[in-house]
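The structure under discussion appears below in the form of structure tokens.
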Amino acid sequence: MALNNTYDRRLLRQETAAGAGAQLLLLTLLGTAIGLGPAGWLTGLAFALVTWAVLTRAVHRSWLSSFGAANRVTLARATLVGGVTALVADSFESPPPVTLLVALTTVALILDAVDGQVARRTGTASPLGARFDMEVDAFLILVLSIYVATSMGPWVLLIGTMRYAFVAAARVLPWLNGALPPSTGRKTVAALQGIVLLVVGAGVVPRLPAYAAVFSALALLIWSFGRDIRWLWGVRDRLTHGN
């Protein structure tokens, strides 16, 4: 039995290592194609290292019997997000290749709709997979908000940092860690953030409508978080009073 567990852990480590290798390959291709500067390379390498380390630790602690097809899709999406991150970091030194940035982001957003379906159809849904998917989503939105903020102003960063602010607040207010009920509205609002930031970042929308779109996306995100916080407070309040 110990041999089987060791073998399984080795296979899982190979999966995460393959993801890191794919990230390095993508960075190399980007470096060859567009000549990534130091900021792009360092940021991309840091993303690859942190993703590999965190994911390897999470997989080891989760006792998964196999990595699963859905997690492979999410890992592929994380690789694309690493590429987007490198391009955005590089954009502070030189004009970014917008077409390439849009292409990588578009594929990453499309795959976001794939990994969940794969998990359900293969019966491989897991807390690790759901968390992995959520973190990749959140980081992509953060990176896109940084990119759009360079042209629209720092207020756009509210979109990318809101989820991280919520996590930080939950460390002080444990009731925010309560389990939320499934919500189509929450998923729709979350998906909308990436789409709006992508379209605006592509520069295909006139300036005034672009501001309106980003502001509307932010307003919907505030509404979504506000609704969830109110629901969590209500649960906390009922538990406190024994109802």
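These numbers come from the heavy atoms of this one structure, side chains and all, not from hydrogens, waters or symmetry mates.
- Side chains of W155 and L218 form a contact here, defined as non-hydrogen atoms less than 4.5 Å apart.
- With no hydrogens or angles considered, no side-chain donor-acceptor pair links R207 and S151 at under 3.5 Å.
- Taken from OG1 in T85 to CZ in F139, the straight-line distance is 4.5 Å, to the nearest 0.5 Å.
- How far OG of S126 is from CG of N71: 5.5 Å, rounded to the nearest 0.5 Å.
- Nearest heavy-atom pair across G37 and E93 is CA-OE1, 3.8 Å.
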Between W175 and I229, does the side chain to side chain contact (heavy atoms under 4.5 Å, CB included) criterion hold? Intermediate values first, please. CA-CA 9 Å; W175 55 271; I229 291 171; 4.0 Å; yes

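- L158 contributes atom CG, which lies 10.5 Å from atom CZ of F215 (distance to the nearest 0.5 angstrom).
- Between L176 and L232, the shortest heavy-atom contact is O-CD1, 3.5 Å.
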Determine, step by step, whether L24 and L45 satisfy the side chain to side chain contact (heavy atoms under 4.5 Å, CB included) criterion, reporting the C-alpha distance in whole Å, the side-chain angles of both residues, the deciding distance to 0.1 Å, and the verdict. CA-CA 7 Å; L24 295 177; L45 290 173; 3.4 Å; yes

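- Scanning for side chain to side chain contact (heavy atoms under 4.5 Å, CB included) contacts around V199 gives I195, V204, V205, with sequence neighbours left out.
- Residues I34 and L100 approach most closely at CG2-CD2, 4.1 Å, considering heavy atoms.
- Comment: D137 does not engage R163 in a salt bridge, judged by the lack of any side-chain N to carboxylate O separation of less than 4.0 angstrom.
- A continuous path of Ile, Leu, Val, Met, Phe, Trp and Tyr side chains, each step under 4.5 Å between heavy atoms, connects L220 with L180, placing both in one hydrophobic cluster.
- Closest approach of A86 to G44, counting heavy atoms only: CB-CA, 4.2 Å.
- Taking hydrophobic clusters as Ile, Leu, Val, Met, Phe, Trp and Tyr residues chained together by side-chain heavy-atom distances below 4.5 Å, V143 does not share a cluster with V50.
- Distance alone, capped at 3.5 Å, places no donor-acceptor pair between the Q23 side chain and the A48 backbone.
- The hydrophobic cluster containing L29 also includes L25, under a criterion of side-chain heavy atoms closer than 4.5 Å among ILVMFWY residues, counted directly or through chains of members.
- A search for side-chain hydrogen bond (donor to acceptor under 3.5 Å, both in side chains) contacts involving T16 returns T56, not counting sequence neighbours.
- In this structure, V81 is not a member of the same hydrophobic cluster as W52, with clusters built from ILVMFWY side-chain heavy atoms closer than 4.5 Å.
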Assess the residue pair R227 and S183 against the criterion (side chain to side chain donor-acceptor pair (under 3.5 Å)); give the C-alpha distance rounded to whole Å, side-chain angles, the decisive distance to 0.1 Å, and a yes or no. CA-CA 11 Å; R227 185 183 65 164; S183 169; 2.6 Å; yes

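- The one candidate from V73, V107, D133 that meets the side chain to side chain contact (heavy atoms under 4.5 Å, CB included) condition with D112 is D133.
- Around the OH atom of Y164, the shell of radius 6.0 Å holds more than 12 heavy atoms that belong to other residues, nucleotides or ligands.
- To the nearest 0.5 Å, atoms CZ (R131) and CG (L128) are separated by 9.5 Å.
- Looking at heavy atoms from C-beta onward, P96 lies out of side-chain contact with V88 at the 4.5 angstrom threshold.
- Criterion: ILVMFWY side-chain heavy atoms under 4.5 Å apart, direct or through other members. Under it, L173 and F225 are part of a common hydrophobic cluster.
- Rounding to the nearest 0.5 Å gives a distance of 10.5 Å between CG of D90 and CH2 of W41.
- Between the side chain of Q193 and the main chain of I159, no donor-acceptor pair closer than 3.5 Å is present.
- M152 and F92 fall within a single hydrophobic cluster, where Ile, Leu, Val, Met, Phe, Trp and Tyr side chains are chained together by heavy-atom contacts under 4.5 Å.
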Take T74 and R77 through the side chain to side chain contact (heavy atoms under 4.5 Å, CB included) test and state the conclusion after the steps. CA-CA 5 Å; T74 307; R77 190 155 56 87; 3.8 Å; yes

Quick one, W223 with V189, criterion side chain to side chain contact (heavy atoms under 4.5 Å, CB included). Give me CA distance, side-chain angles, the key distance, then yes/no. CA-CA 9 Å; W223 167 80; V189 169; 4.1 Å; yes

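- When all heavy atoms are compared, the tightest approach of V136 to A78 is CG2-CB, 3.9 Å.
- Nearest heavy-atom pair, F132 versus L55, reported as atom, atom and distance to 0.1 Å: CZ-CD2, 3.8 Å.
- Under a 3.5 Å cut-off, the side chain of S224 and the backbone N or O of L221 do not form any donor-acceptor pair.
- Taking the side chain as every heavy atom from C-beta outward, R186 and D228 approach each other to under 4.5 Å.
- Counting only distance, with no hydrogens or angles, the side chain of S145 and the backbone of L142 share a donor-acceptor pair below 3.5 Å.
- Taken to the nearest 0.5 Å, the CG atom of L104 stands 11.0 Å off from the CG atom of L109.
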